[in-house]
Amino acid sequence: MLLLASRRAVLCLAVAALALPARAADGPAAQLIEKAAAEVIELIKATTGPQREAGIRQVLLNYFDLPYMGRAALATHWEATGAVQRERFLKAVVSAEARAYSERFGQYGGQTLTVARVSTRPNGASVVDSKLTQSNGQPIAIQWEVRDSGQGLRITDVKIEGVSMVMTRRSDFNSYISSHGGKVEPLIDELEARAAR
Amino acid sequence: MIERFMNRIAGARLPALAVAAVAALLGGCAGRDTGANEPWDPIEGANRFVFSINRAVDIIAIRPIAVLYRDWMPPPAQRGLHNVLENLGEPVTAIAEVVQGTPGRAGTTLARFLVNSTIGIAGLFDVASAIGLPKTKEGFGNTIGYYAGVEPENGGFYIVLPMIGPSNARDGVGMAIDASIDPFSIVTFSISSTAGWVYAGARFGATVVDTRSRTLYALDDLERNSVDYYAALRSAYTQQRAEIIRQKRDRTGPRAELERRDKLALVR
């Protein structure tokens with residue numbers, strides 16, 4: 001009986017632990033995502049062409065922790081990379097991502113983003129669940145990883161239908177590096193060449 | 001030394017060894033099971049070769065057809081074809097759901113199949129969803145992943161299949177089981193082998209066009225924004241399949257995945 005009671009207590013605690021972060025759907029992390037989405041939609045409505053790309057680039061710089069994402073994508077190679085190379089790498093990654101996201105957002109066609117629940121993680125990150133509802137077809141599940149690494153809350157990863165942008169980039173870079181003699185230099189050159197195009 | 005080893009392999013240990021080999025192929029090694037690793041790709045050379053052929057076929061034929069289909073086929077017709085294909089998959093989904101231990105879910109799937117095949121005119125219209133029978137899609141890849149005691153990122157070795165594309169040991173075996181238990185295929189092949197091949201060919205062709213037209217945007221994006229498209233696709237495929245299987249195992253939500261990512265420590 002005692003065992004049963006304590007089991008129930010544990011269960012209640014577990015449920016409470018589950019429910020608590022879920023209730024904070026209007027916390028700072030969720031607000032960050034909503035604000036970023038609203039800004040992007042405003043940009044797409046009001047601007048076109050290079051002006052739009054510049055605007056989206058600014059939103060990315062304001063809301064995303066692109067250096068963190070670049071570092072995470074480089075994974076273990078980060079340690080072996082010198083300061084000058086790191087700086088070149090991050091610069092190239094920021095341009096590449098800015099361009100990619102401008103293209104993605106440029107395809108915007110009236111979808112709405114609804115933020116659902118936020119889960120806070122023991123390592124300080126928050127994961128914001130959201131759904132992108134399209135006029136035709138199934139809604140797309142998008143998860144945003146948000147964390148504060150010294151400059152306020154920033155987005156550090158975007159997961160679309162379970163596919164993490166950072167993890168995919170990481171695999172991509174890792175494979176490129178190992179097929180180019182395990183050196184980071186060719187990757188940086190390639191990213192810089194692409195940014196110049 | 002080597003001779004003795006070979007003798008042991010050829011001797012009585014063969015069945016045990018074969019079982020271990022199959023287990024290793026299907027489940028990968030437990031030691032790799034951190035999820036942080038790259039997908040296991042021991043035949044990368046062969047895979048890259050098949051990948052390049054697939055890609056050439058895609059550029060020359062499949063992608064252009066998919067673009068034409070997306071841009072010129074009226075959207076209701078596209079939805080209709082998609083519904084028909086999904087309806088053909090319902091019996092296999094139902095069988096997989098029974099094997100997964102959710103007979104209630106299998107009942108709903110069968111009800112969907114009956115409603116859509118009749119009122120929905122051979123599956124053209126998804127009437128069942130409208131009357132409160134939600135759609136699920138299952139196969140034996142998911143089922144193996146559900147029961148395998150490894151992280152769903154670990155689907156055994158990665159393999160690029162001709163025409164089909166990214167897969168792994170788990171999903172390849174699953175696909176073979178799906179095909180072999182498909183009632184439509186069993187019925188058409190029992191009529192005559194011509195009928196069977198016509199059915200299989202038509203269904204495969206339609207599936208290729210439908211699937212490719214739905215993945216145009218995502219794959220174009222992935223290709224444009226990667227330095228090694230092969231590796232990026234390998235990672236994206238592995239992650240997406242893992243997500244589906246993880247949701248199945250962990251019905252309370254994406255907690256296990258979040259915990260895995262905490263441990264992963266992308267930046268140390």
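Note on naming: letters A, B, ... go to the chains in the order of the sequence lines (proteins, then strands), and numbering restarts at 1 for each one.
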Rounded to the nearest 0.5 Å, how far apart are CD of E243(B) and CD1 of I160(A)?
-> 12.0 Å
Pairs involving residues 160-197 of chain A, ordered by first then second residue, that meet ring-ring contact (aromatic ring centres under 6.0 Å, His included) (sequence neighbours left out) | F89(A)-F173(A), Y176(A)-H180(A)
More than 12 heavy atoms of other residues, nucleotides or ligands under 6.0 Å from NZ of K35(A): is that the case?
-> no
Can you tell which part of E161(A) gets under 4.5 Å to a heavy atom of chain B, answering side chain, backbone, both or neither?
-> both
So which part of R241(B) gets closer than 4.5 Å to some heavy atom of chain A, the side chain, the backbone, both or neither?
-> neither
Is a side-chain N or O of D172(A) found less than 3.5 angstrom from the main chain of D228(B), in a donor-acceptor match?
-> yes
Where the side chain of R169(A) meets the backbone of N225(B), is there a donor-acceptor pair that is under 3.5 Å apart?
-> yes
Counting heavy atoms not belonging to Y237(B), are there more than 12 under 6.0 Å from its OH?
-> yes
Assert top hit (heavy-atom pairs under 4.5 Å, partner chain B, pool T156(A), L187(A), V163(A), L191(A)) equals V163(A)
So which part of Y230(B) gets closer than 4.5 Å to some heavy atom of chain A, the side chain, the backbone, both or neither?
-> neither
Taking all atoms of both residues into account, what is the closest heavy-atom pair of S164(A) and Q239(B), and its distance?
-> N-OE1, 2.6 Å
For atom CZ of F49(B), is the number of surrounding heavy atoms from other residues, nucleotides or ligands below 6.0 Å larger than 12?
-> no
Interface moiety of L222(B) toward chain A, non-hydrogen atoms closer than 4.5 Å = side chain
Give the table of side-chain donor-acceptor pairs shorter than 3.5 Å for residues 81-90 of chain B, with sequence neighbours excluded, one pair per line with atom names and distance.
unit_1: H82(B); atom_1: ND1; unit_2: D210(B); atom_2: OD1; d: 3.4
unit_1: H82(B); atom_1: ND1; unit_2: D210(B); atom_2: OD2; d: 2.8
unit_1: H82(B); atom_1: ND1; unit_2: R214(B); atom_2: NE; d: 3.3
unit_1: N83(B); atom_1: ND2; unit_2: R79(B); atom_2: O; d: 3.4
unit_1: N83(B); atom_1: ND2; unit_2: L124(B); atom_2: O; d: 3.1
unit_1: E86(B); atom_1: OE1; unit_2: K135(B); atom_2: NZ; d: 3.4
unit_1: N87(B); atom_1: ND2; unit_2: S117(B); atom_2: OG; d: 3.1
unit_1: E90(B); atom_1: OE2; unit_2: R112(B); atom_2: NE; d: 2.8
unit_1: E90(B); atom_1: OE2; unit_2: R112(B); atom_2: NH2; d: 3.2

Taking all atoms of both residues into account, what is the closest heavy-atom pair of S171(A) and A231(B), and its distance?
-> O-CB, 3.8 Å
Is chain B contacted by the side chain of L74(A), its backbone, both, or neither, given a heavy-atom distance below 4.5 Å?
-> neither
Nearest heavy-atom neighbours spanning E38(B) and N174(A) | OE2-ND2, 3.1 Å
Residues, nucleotides or ligands: over 12 heavy atoms within 6.0 Å of E87(A) CD = no
Determine the minimum heavy-atom distance between M167(A) and S235(B), stating which atoms define it.
-> O-OG, 3.7 Å
Which distance, rounded to the nearest 0.5 Å, do you find between the OG of S175(A) and the CD of E44(B)?
-> 5.5 Å
